[in-house]
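Worksheet: the structure to be examined is printed underneath.
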Amino acid sequence: MRLFDTLSRTERDLRPIDGSTFRFYCCGPTVYGPAHIGNFRTFVLQDVLRRTLETGGMRTLHVRNITDVDDKTIRDSQKAGKSLTAFTTGWTEKFHADCEKLGLLPPHIEPGAVEHIPQQIAMIQTLVEKGNAYASDDGSVYFKISSFPGYGRLSRLDQRELDLGKTQNARSNSDEYEKDSLSDFVLWKGRKPDDGDNFWPSPWGEGRPGWHLECSAMIQEYLGDSFDLHSGGVDLVFPHHENEIAQSECACGGHFAANWFHITHLLVDGGKMSKSLGNLHTLADLAEKGHTAMEVRYVLIGAHYRKPLNFTLDSLSGAREALAKLAKGARHLASKIGPEVTLANADFGPFQAAWDSLNHDLNTSGALGGLFTGLREASGLSGAEAAAALAGFNRILRALGITLPEDAHQDTMEIPESIKALAETRWQARLSKNWAESDILRARLTEQGWTMKDGKESYTLEPVQS
RNA sequence: GGCGGAGUAGCCAAGUGGUAAGGCAAUGGUUUGCAAAACCGUCAUUCGAGGGUUCGAUUCCCUCCUCCGCCUCCA
């Protein structure tokens, strides 16, 4: 497949550099609270990338870290009166539960920063030895940006802007560490009173690792010096990924990531998501409003990953209808297949266009459209042709990570006796053609939250959709 | 101020130098006692504004307007 690469700003073919397995790294969550749907836009798109590669027959190695030590995790664990580990473990578990609901494939490896302190120290030592890093008086270690000529290539910063950054930093006077150049970034943070129990011994004294270094060290540990693709939200381009490149290329030599995959931020109601605006949605919030995780996933893949996506509650409701329509189409197609049909088809049939969309810069919205048009094309098919079409349809669904809703089964729903009685009374009224009475009783059922649908022989009851 | 991205129907959104996918909503019809559901239709002479290049531009170029992200550890 072809994918846009942030560094070269071109579309490139994705092929494993080792010839067999596509190895990629995704910057994972900082576990200090519930992940929101903006976070999940990134993780879902990374998941679709992996699924698309695998659907195309490629083997993958997916590494995604957990950031379990930084300013926020330390601060909030102290606020919660918990140890850092107990605190981050709780949020990590919640994150995993959300991921599962969203149909995200678990990464093959999910390393945490705290468990990789030795690797991080080793990398810092290498950088110091090579002259790319220096220790300061307070026991911190900084990366010397001037020692890496390639700095700024990913985010297109030139020296002038870096200098500007320095003056801004100098003016803000908020930096509490001692560095040579204000653009230099921290690799190891010397212990401070605020850190509480959260410090580790190192050649430069007690302290803790810097955020940027964590990813570089774990990438080297699990993917080596060079690997196929690195991914994260656009906000990570600078400084996080820029810094990773500097650290890793100086410590390891050679090329770091062959491709960079950045996902644009989600907008909510046309603007930035924030707690103060009350539009910071989590899966739990949306579940309370009656929306499933799969509906959220459908909305999140509804726009191209490099374009802003405007998330609204209305679009979630639309997603429910769209998913139901897909499920209906799939059932229709399945009903046209004879009992003896076997599927060995690697074709996508009417869904070829959807597959092509996915393979052209991961055009998920195009693929979604292709699902509907393909279904329309396939509606006249039967037997082996219908079976082949359905197989293609299911492969696209798998690549997108969509699970279709089942039919709502009435018998699995608990209907109160009073509602059942009311419905029965109305049914009798209707059978005796007492329309006025019948309509009144139906209105009463609706008031009580149930929709009564009349069939020929019997009726059904469903909760009123909000 | 610097860098980057976006403006396509009521909403969410694909796409392309050759005349605008798809979904939601809306709406007409069939069906229904009436509804709901289902099924069959309809729904952008137009792609932020104005110029330019071209046989032809929403797609390329220029100017302008609006919105968004990043510019010290936010996906």
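A note on names: the letters A, B, ... follow the listed sequences, proteins ahead of strands, and every chain is numbered from 1.
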Under 4.0 Å, counting only non-hydrogen atoms across every strand here, what does A:Leu371 touch: a base, just sugar-phosphate, or nothing?
nothing

So A:Ile263, base contact, sugar-phosphate only, or nothing? Heavy-atom distance under 4.0 Å.
nothing

Which nucleotide in the list B:A75, B:G33, B:C73 gets nearest to the side chain of A:Asp439?
B:G33

Considering only B:A14, B:A75, B:C12, which nucleotide approaches the side chain of A:Lys307 most closely?
B:A14

Enumerate the protein-to-nucleotides 38-41 of chain B contacts in which both atoms are nitrogen or oxygen and the separation is below 3.5 Å.
unit_1: B:A38; atom_1: OP1; unit_2: A:Lys328; atom_2: NZ; d: 2.3

With the side chain defined as heavy atoms from C-beta on, A:His265 is closest, among B:A75, B:A14, B:A36, to B:A75

Heavy atoms under 4.0 Å, any strand shown: does A:Gly210 hit a base, just sugar-phosphate, or nothing?
nothing

Does A:Asp235 reach a base, just sugar-phosphate, or nothing at all? Heavy atoms under 4.0 Å.
base

Under 4.0 angstrom, heavy atoms only, what part of the nucleic acid is A:His262 near: base, sugar-phosphate, or nothing?
nothing

What's A:Arg426 touching, base or sugar-phosphate or nothing? Going by heavy atoms closer than 4.0 Å.
base

Taking only the side-chain nitrogens and oxygens of A:Asn363, find out if one of them lies under 4.0 Å from OP1 or OP2 of B:G15.
yes

Here the salt bridge (Lys or Arg N to Asp or Glu O under 4.0 Å) pairs for residues 360-370 of chain A, sequence neighbours left out, are A:Arg306-A:Asp361

Nearest to the A:Pro239 side chain among B:G23, B:C12, B:C73, which nucleotide is it?
B:C73

Classify the side chain of A:Arg442 and the base of B:C34 as holding, or not holding, a donor-acceptor pair under 3.5 Å.
yes

Measure from the side-chain heavy atoms of A:Asp454 and tell me the nearest of B:G69, B:A13, B:C34.
B:C34

Is any side-chain heavy atom of A:Arg12 less than 4.5 Å from a side-chain heavy atom of A:Arg2?
no

Bracket notation of RNA chain B in which parentheses pair within the strand, [ ] cross earlier pairs, and | pairs with another strand (Watson-Crick or G-U, under 3.5 Å):
(((((((..(((.....[...))).(((((.......))))).....(((((..]....))))))))))))....

Sequence neighbours left out, what passes ring-ring contact (aromatic ring centres under 6.0 Å, His included) with A:Trp427? Give chain and number order.
A:Tyr459

Check every atom of B:G23, B:A75, B:G69 against the side chain of A:Asn39 and return the nucleotide holding the closest atom.
B:A75

Do A:Gln247 and A:Phe185 have side chains that get closer than 4.5 Å, going by heavy atoms?
yes

Taking B:A13, B:C71, B:C24 as options, the one with an atom nearest any side-chain atom of A:Phe238 is B:C71

Please list, chain by chain and in numerical order, all residues satisfying ring-ring contact (aromatic ring centres under 6.0 Å, His included) with A:His265, sequence neighbours excluded.
none

Mark yes or no for whether A:Asp68, through its side chain, and A:Val114, through its backbone, hold a donor-acceptor pair below 3.5 Å.
yes

Reckon A:Arg9 touches a base, only the sugar-phosphate, or nothing at all at heavy-atom distances under 4.0 Å?
sugar-phosphate

Under 5.5 Å between ring centres and under 30° between planes: true for A:Trp435 and the base of B:G33?
yes

Would A:Arg191 count as a cation-pi partner of A:Phe199, with NZ or CZ less than 6.0 Å from the six-membered ring centre and within 45° of the ring normal?
yes

Heavy atoms under 4.0 Å, any strand shown: does A:Ser438 hit a base, just sugar-phosphate, or nothing?
base

When you compare the protein's N or O atoms with those of nucleotides 19-21 of chain B, which come within less than 3.5 Å of each other, and at what distance?
unit_1: B:A21; atom_1: N1; unit_2: A:Ser365; atom_2: O; d: 3.4

Taking OP1 and OP2 of B:A35, is either one under 4.0 Å from a side-chain nitrogen or oxygen of A:Lys453?
no

